[in-house]
Structures are given as structure tokens and as C-alpha cells.
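Report on the structure given below.
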Amino acid sequence: MNTRFNSDVYGLLPEGIEGIDALAELALDIRWSWNHEADSLWQQLYPSLWEHTHNPWLVLQSVSRESLKEQMEDSSFREKIKALMIAKEEMATSGTWFTDSFHDSPLKTIAYFSMEYMLSEALPIYVGGLGNVAGDQLKSASDLGVPVIAVGLLYQEGYFHQQIDKNGFQQELYPYNDPGQLPVTPLRLPDGKWLRFQISLSGRPLWIRAWQVHVGRCKLYLMDCNDPANLPAHRGITSQIYGGDSELRIQQEIVLGIGGLKLLEALNIHPEVCHLNEGHAAFLVLERAYQFMKANHLSFEEALAVTRAGNVFTTHTAVAAGFDHFSPELMTQYFSGYAANELQVDFENLMALGREDANNDKEYFNMAFLAMRGSGNVNAVSKLHGKVSRQLFSNLYPRWPVDEIPVDSITNGVHTPSWDSEFADELWTKNCGKERWKGNLKTIQKNIDKISGDSLWEMRNDSRNKLVNYVRQRFETQSLVSGLPSEVTKAAKNIFDAHTLTLGFARRFVPYKRPNLLLHDRDRFIRILTNPEFPVQLIIAGKAPPADKSGKDLVHEWNQFIQQNNLYKHVIFLSDYDMQLTEQLVSGVDVWINTPRRPWEACGTSGMKVLVNGGINLSELDGWWAEAYTPEVGWALGDMREHGEDPAWDAAEANNLYDLLEQQVVPEFYSRNEEGIPAKWIEKMRHSMATLTPEFSANRTVREYTEESYLPTAKEYLRRAGNNGLMGKNLVETASLVKQKWKDIHFGKIDVQKSDNDYAVSASIFFDDQLRDKICVQLFANGNDENGPEILKMHFQSISDDKTEHKYCVEIKTDQNFSDYTVRIIPCYDNIKVPLENNLILWQH
Ligand SMILES: *Cc1c(COP(=O)(O)O)cnc(C)c1O
């Protein structure tokens, strides 16, 4: 597609002003959300609007023709635009980490599917962590040159805005997002036609409109249903994110998964890899196979055996109840026609892809199960979450050891340039260079280690000071809007202090995050805050899901606590937690607190955002912190174990949190050397910056996805897709043969010869000889906490004259008791992944 613009694309701009095309191009590439070189232009054009919205596209549309002309006549303004355009051109043509490392790779396109993207407040199509992961990884893909095309939904209302009323209760507001003012443009075909296409929704045609967003080197395609040609009932499908009931959810997921693939087809884009960011997008598994089956005259099952090899599934859920699932009735309504007419399979076969028990026709259809059955590569989002997920999916692989359930882990990271403050950016640029987030990050630790303690402390003080000013301004406005007593509003100018230890706690208010843990012993907490010598201040923020009464009660509890104790000088609840507020908080706080109930925080990312800014984490040993924490980099809550919802444990952890604050955090912050610097604090901060910032960056995450997942996935997909998908036919035939003959396999005698610690093991096994090159015989011993299981391949040795008894043997050396070992048989053919693609297994005992 043509990436250049011409002004008729956006009839909303003033006409006949030379150079406006270049400005529009800059305004429509949301690289401005992390690269701030053009900020001064927008600031100059319309200072107040820029200040409030940070949306260059809106600025450009709103500015008067006169001011625009005036600025454009200023040569320095024009020079600046020219320089930015040259830099943009260079960026588009220069080498990147990906092109330099994998120039002859067959991986050309990864299509990334997500229900939400958190890219900028100017494009509010996200709720929280999941969108954060999608947005930050897309930005890093752009930095690294990884060829990602993202696909998502354009919501007219998105997620709600939170207001706190004067009694401390959350109110929800849904302002309309006018697409004309978002940094998106209609996606046009080369002939200028706006790309609109139809899918069938429960037998009715549904129009989907396509939009595009430029994210540096990458593109994001968004779809919406607010097309006047649609039935009124359908126009609101893409109105609110995660709104409505499960019927709206299935409609949205059909638009994302099936609509998304049709969109790519219409653009003639054929990705080697489709990445499902959470199970929401899993219907694409069906549509991708359908498109392949149509093009190559295969059955659905054969096509799926090919296309699944090209799908990557990332699961983000830590509890079984968190998976999206749909009732058989809803599925019948929306998929019986699709099964019969498109896929040409029995509806029950389609349902079986989303069920644990294919024969239970009451069982709901689980999107994560479909994603597992439809992918060639599956990963969780932290090491601990990998372990949790292997347990969650273990029923799909009966009799397989839990360690071998096919879920790997790739820990999330954040897009560092999006979250660093101007002070941090300056310090990092000076010490690590401008290109620091575009390569392999190998020199970062060394460079951070060289920075003087003074400079680090200065950055911290500047950042805290800025945050304190921000809190004052924001709280003043908020208290006016909430209708708090006028003395509170008046006092807003004097709340907080630029030299006081500043804590931050911002997250979605859902019970598992335990946002009220700090309120467990209120008197003790107030004593910590108001200690006259060593005071502490805390900023709280977070939205409760609109339908979640318990979450809303938690919001109220905090606000009431602050009001009743008149603690405004020390604690502030800032309303409407969003990306912009996050940016302020993570750059200014000294300590970021996180108190989830382990193991419910699959990964967590907000704590990673403070790293680059020198903030230190104090967190439950859950998600990413369970793998990041050492005493050198921060503080930890919990004992690395799960305790459910036990109130006694909550109480113990709350006390533990107060102890940490009283005995470690506060004293370390306030103990200063002769230069007035908290030396021990600085060392912790430096260690956290130097070692954790690179490790928990989306740069590392996206490189890991590319190397461990995208590249091998693309290779295997292309191998299977060749010859019009002939391998799909073979795979289905072999699977069916193996299944048919499997039940007749049985073990004969196992013979063990021992000398010292050497064992010669020989196993006699009976099966139809057709299976010989389709199975593997293995000697297996369970692992322990440190080591995974021991698995040794046994070699085929001989076959009986009647071709039924086969002898396999292996020699091992071990100090273990031989009774720890057992023989097992697994499917093994055509490079398939087991148990992901075939879950059969037979144990000797
Ligand atoms: C980073 C971020 C999140 C994710 O935070 P977690 O605490 O890791 O769940 C959610 N919402 C916003 C606005 C964020 O900036």
C-alpha cells in the first residue's frame, strides 16, 4: 500500500497551504508517542490544545488557517519540518536489528491480533495490561524492524473515564471518540476506495470498515462496525471495549478473528505468522484454515494441520475462570452456518476444538482451548505464569507430565522510550547513546554502572519535584469537578512535598490486586505517612470495572479513608487512571507498590515502567517480580507460595508490608551521607536500572518472540504450506492411522542388566509394524524442583518374525534407583510437536 499521503485523504485540513502534507504525515504517525522531536511544532501551533490532548492530528485540524500560514512562513519552523521528514525517510530505509540479523529470512510478515492497543491517550482503545503489552510490543517491533502488522478494533467509546464524586464513589463516563479526530485514517485501496467488506454474522451480512494507524515502521489496521449500511443492532458492536454481555463479546471476537483475516485477504497480505494476543482472537484459527482450504482444495482438517503451524498463541490468563467461553446456544447461533457452509464440517467437530471433553454437548466453547488446538507455538507471559498455565491446560493432555504441557514462557517487557521521563531520557542518552533501545542492549549495564551517584540522585529529585507539581494541579481540578469543600480545593496548591519519599500504587481495582492491603491497619499506616521526621506520601489511582461492585467499594474505601482522616497532604487518589497518568506517576515515584494475590498476576508491567526512571519496586513475588527480584534491586512481599484468599495471610502480608516500609524503605531513603545523598538507596536504584531495565524491556521481549517463536513458526508453516498443502493430507492420514492402531500397542517384558551404575535396558513392545516410523519409545524419569524430567530415546533393535514384537534398547548411567524409570511411547512423525499436535501417550506403568 502507498504510505505517502495526499491531502484529499483528510478533507478536514485547511487547503492550499504549502507543506501541510508533511505536517499531516508527521501528525498521523504515532511515533510521536515515544519520539518527542516534533513536540515543539505542535506546541507552537496550538499550545493549550497540545497541552490537554497531546494529539498532533487534533492540533493540526483545529488550528486556525491564519496561525498555520503564519507558522509555515517562518523559516525555522519549515526547516524543522524538513529535518524531521528527512529523518523519517532515513528511518524507513536504514537497516534495523531485524534486517541486519535475518536479511535472508523467509519471515516477511507477522500479523498480530489483539482486542486492545495502548499506544497513546490520543487513541483510547485499551483497558489495561493486555493493551499495554500489545502497544509496547508493536512500538518495539517498529524500533527493531520486525515486520509486524497489527490488527484490532476501533471503539467509538472505548473504556470509561472515571470521575470520583464528592462522596468518594466512582462514576463512569463514556465520551464519544470522533474517528475524524483520532490519529487514524480510512484505509483506502489503491483506487481510492475506502476498504469496507462484509462478513456473515449469524446469517446476516455485517459491514466492517477498515482504518489505519502508522506506528513508526509498523502499521495497525483497525476495524469498526459503525457503518450506516449496517442494521442498527450491529452498529454498536465496536462501541465499548469488553462492554455488554457474552453475545456482544462473541460478535466482537468474530469481527477481530474472522473479520481481521478477511481484511488481510482483501489487502492481499498473506502472513507466515499470525500471533494471537490472548484467546480473544482465536476464531482466526478457523478462518485462516478456511482460506487455505479454499485456495488449495483441501478439507478443513487438512488445512488446519498446515495453518496451525503458523499460529502463535500467547495466553495471559492465570485462572481458568478468566478464559472467554461461549454457551453451546450462542455458538450454534453464530457458527452452525459457518461450520456447514464454509468449513464443511459437523458443527460438533467445530465445538470439539473448544472443549475439554468432545463428547460433552453441554460444555461451553473455550477460546483458549481453540487457540491451543489451532497453534504451533504457545507461550505464557512470565516464568511463573508458564508454570501456572501448564497446570491450567493439563486436562487437554491427559497422562502427560505437567512439565511437558506445551506452554513455554516469554516474559513481557515495556517499551522503554514510551515510559522514560525527560530527565531520564537525558541521563540515558548521555550515558548510553541515542540508539540504545534499537539493538541488543549488551552495553547498558556497564554504562549505567559508570554514572555518578550525584547525577542519579539529581534525576530522582527533578522527577519527584515535577510529579509533586503535577499532583497539585491535577488534584485542584479534580476536587473542583468532584465538588469537594472549597478549603480542600484551596489547599491543593500545598499538598505533597518535593523532598518526601513518594510511593505510587496504580492499577485496576479488582480484588485479586488487593488495592486495600495498605488499609489493613489504618492507624499504623497513618503513623508511617505522617511521621514528622521521615514522612511518606502516596499516590493512588485505579478504575474499578463498571459492573464490579466489590472493586468500586475499594475505590470508595480509599477516598473515604483520605477524607475522614484529612490526609490530603500525604495521600491522594487521582481519578481516571490512564496512560497519561501512568507516564507521570512512573517517572516521579521513588517506590512502586504492587500487592497482587499470587499467582494471579500473570506478569504485570506497570512496575517495569519505573525502572528506567530510577523508581524501585516493592512487590509481591508474583508475575515478573518473582523472576526479577533480588535484594539488590528492590523489596519483596510474600514467600513464593500461593495462599488463596486466606484473610489471615492477607493480614500477615499487610503487616509485612508495613514492616518493610518502617524498617527498610523509609530509613534507607532518609539516611544521607555528607553530600546529602542516600548512598544505599542509590545503589539499589542503580542496580535496578542497570540490570532490570534491559531485561524487562519490550525490546528484549520482541527479540525473544522473533528468535524463539516467529522465525521457527514461519519456517514450519512454509514447509507445510508448500505443494498446495500436501503435508496437511499426510498429517491427517498419519494421525488417523496412529489413532486407530494405538489401542493395540502393549508392552512385553522389560529387561534390565546392571553393572555398577550402568544399566542396559531392553523393552519388548507389541504393535503393528506400520507404526514403527511414527512413534518414539522413551525411557523416562521424573524431575525434581531443580531439574526437569530425564527423557532418553530408546533405539529400535529388532523385530520378531511375525512382525509384531519390537525390541528397543538404551544404556544409561545413573545414581538414581532404577525403579524411578519407566518406558513410554509417544507419537513421533513429520516433525509434529507433541503433545501440542497429538496428545496420545502410553506408559509402561
Ligand atoms: C501499565 C498499565 C497497566 C498495566 O499495569 P499492571 O499493574 O501491570 O496490571 C494498566 N493500566 C494502565 C493505564 C497502565 O499504564
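One-based numbering, in listed order, for ligands and for the atoms of each.
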List of N/O pairs, ligand 1 versus protein, all under 3.5 Å?
unit_1, atom_1, unit_2, atom_2, d
ligand 1, 7 (O), Arg507, NH2, 3.3
ligand 1, 7 (O), Ser606, OG, 2.8
ligand 1, 8 (O), Thr605, N, 2.6
ligand 1, 8 (O), Ser606, N, 3.0
ligand 1, 9 (O), Lys513, NZ, 2.9
ligand 1, 15 (O), Thr582, OG1, 2.7
ligand 1, 15 (O), Lys609, NZ, 2.7

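- We find that Glu601 and Lys513 are joined by a salt bridge, their nearest charged nitrogen and carboxylate oxygen being less than 4.0 Å apart.
- Salt bridge annotation for Asp553-Lys549: present, with a cationic side-chain nitrogen under 4.0 angstrom from a carboxylate oxygen.
- Tyr568 is linked by a ring-ring contact (aromatic ring centres under 6.0 Å, His included) to Phe475, counting only residues two or more places apart in sequence or in another chain.
- Within 6.0 Å of the CD atom in Glu426, the count of heavy atoms belonging to other residues, nucleotides or ligands does not exceed 12.
- For an aromatic pair to be called close, the ring centres must be under 6.0 Å apart, and Phe696 with Trp624 satisfies this.
- Looking at Arg436 and Asp425, a side-chain N of the basic residue comes within less than 4.0 Å of a carboxylate O on the acidic one, giving a salt bridge.
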